[in-house]
Amino acid sequence: MVALSLGDAVTPDFPTLRLEGESNSDALERLRRFHAEHCPHCTRVNTHRNLVFGEGDPEASLVFVGEAPGETEDELGRPFVGRAGQKLDEMIAAMGLERDSVYIANILKARPPNNRTPLPDEVMRCGPTLLRQLAIIRPTAIVALGAPSTKFLLGTSEGITRIRGVWARLTLPEEIGGGEIEVMPTFHPAYLLRNYTVETRKAVWSDLQHVMRRLELPTPNTGG
Ligand code: URA
């Protein structure tokens, strides 16, 4: 397990995470509306077309976290619907799950200009909303896709190649209820597509199998 510190995220004055009796779905929708109006990153970027808040089952026991919307995601306002998204869909199907039975989100909700890697201050500005999404859903496990999401969730500077495949923990800040969620870091599907070797595919499949065991899903010996 890896210890973590979330550092000093720049936070707007967020509303109550969950109103009395509010469902996950309604709490997420209220957060989405607040984010669209107040996120210090998303209200500043003006090169994107749509916000990509996240989608899936608000009660999911598994959440996948990526980096930021790409071009297709920006166009459609949905996470992981481009080429990397097709690979992620295959990964989810190989686990024996439906895409709409999990939740999928990114650290950044607005595509960075020229699709560049998110800057640390963008992550600090937009990232607190992701933590709130996770605090509302409270999944059993998170799959961190690639280095930026692993770094953000675990507060680590370790490279993804070293850290992937080993369970770690996200500790949620006290003001959103505290507690821990298990995180399995793995390669980003876009990296997998760029490095489509037996080794990389085996590594990702092995990481997903850890998750399947944690969720008590049947684990065949082949896949992805
Ligand atoms: N890459 C990401 O990290 N997120 C997406 O939504 C799409 C591509």
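Indexing begins at 1, ligand by ligand and atom by atom, following the structure's order.
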Numbering as shown, the atoms of ligand 1 that approach [X] to under 4.0 Å (heavy-atom distance):
| X | answer |
| --- | --- |
| His188 | 1 (N), 2 (C), 3 (O) |
| Gly66 | 3 (O) |
| Pro79 | 6 (O) |

In the protein, which heavy atom is nearest to atom 4 (N) of ligand 1, and how far is it? Asn106 OD1, 2.8 Å
At their closest point, which heavy atom of Gly127 faces which heavy atom of Ile107, and how far apart are they? CA-CG2, 3.9 Å
Is it the case that more than 12 heavy atoms not belonging to [X] sit under 6.0 Å from its [atom1] atom?
| X | atom1 | answer |
| --- | --- | --- |
| Glu98 | CD | no |
| Arg162 | CZ | no |
| Arg49 | CZ | yes |

So which of Val52, Thr72, Asp89 actually passes side chain to side chain contact (heavy atoms under 4.5 Å, CB included) with Val81? Thr72
Which residue, Arg32, His35, Lys109, forms the side-chain hydrogen bond (donor to acceptor under 3.5 Å, both in side chains) with Gln133? Lys109
Can you tell me which portion of Ala68 lies within the under-4.0 Å heavy-atom range of ligand 1? Options are side chain, backbone, both, or neither. backbone
Side chain, backbone, both or neither: which part of Glu67 has a heavy atom under 4.0 Å from ligand 1? both
Can you find an N/O atom of Gly70 closer than 3.5 Å to an N/O atom of ligand 1? no
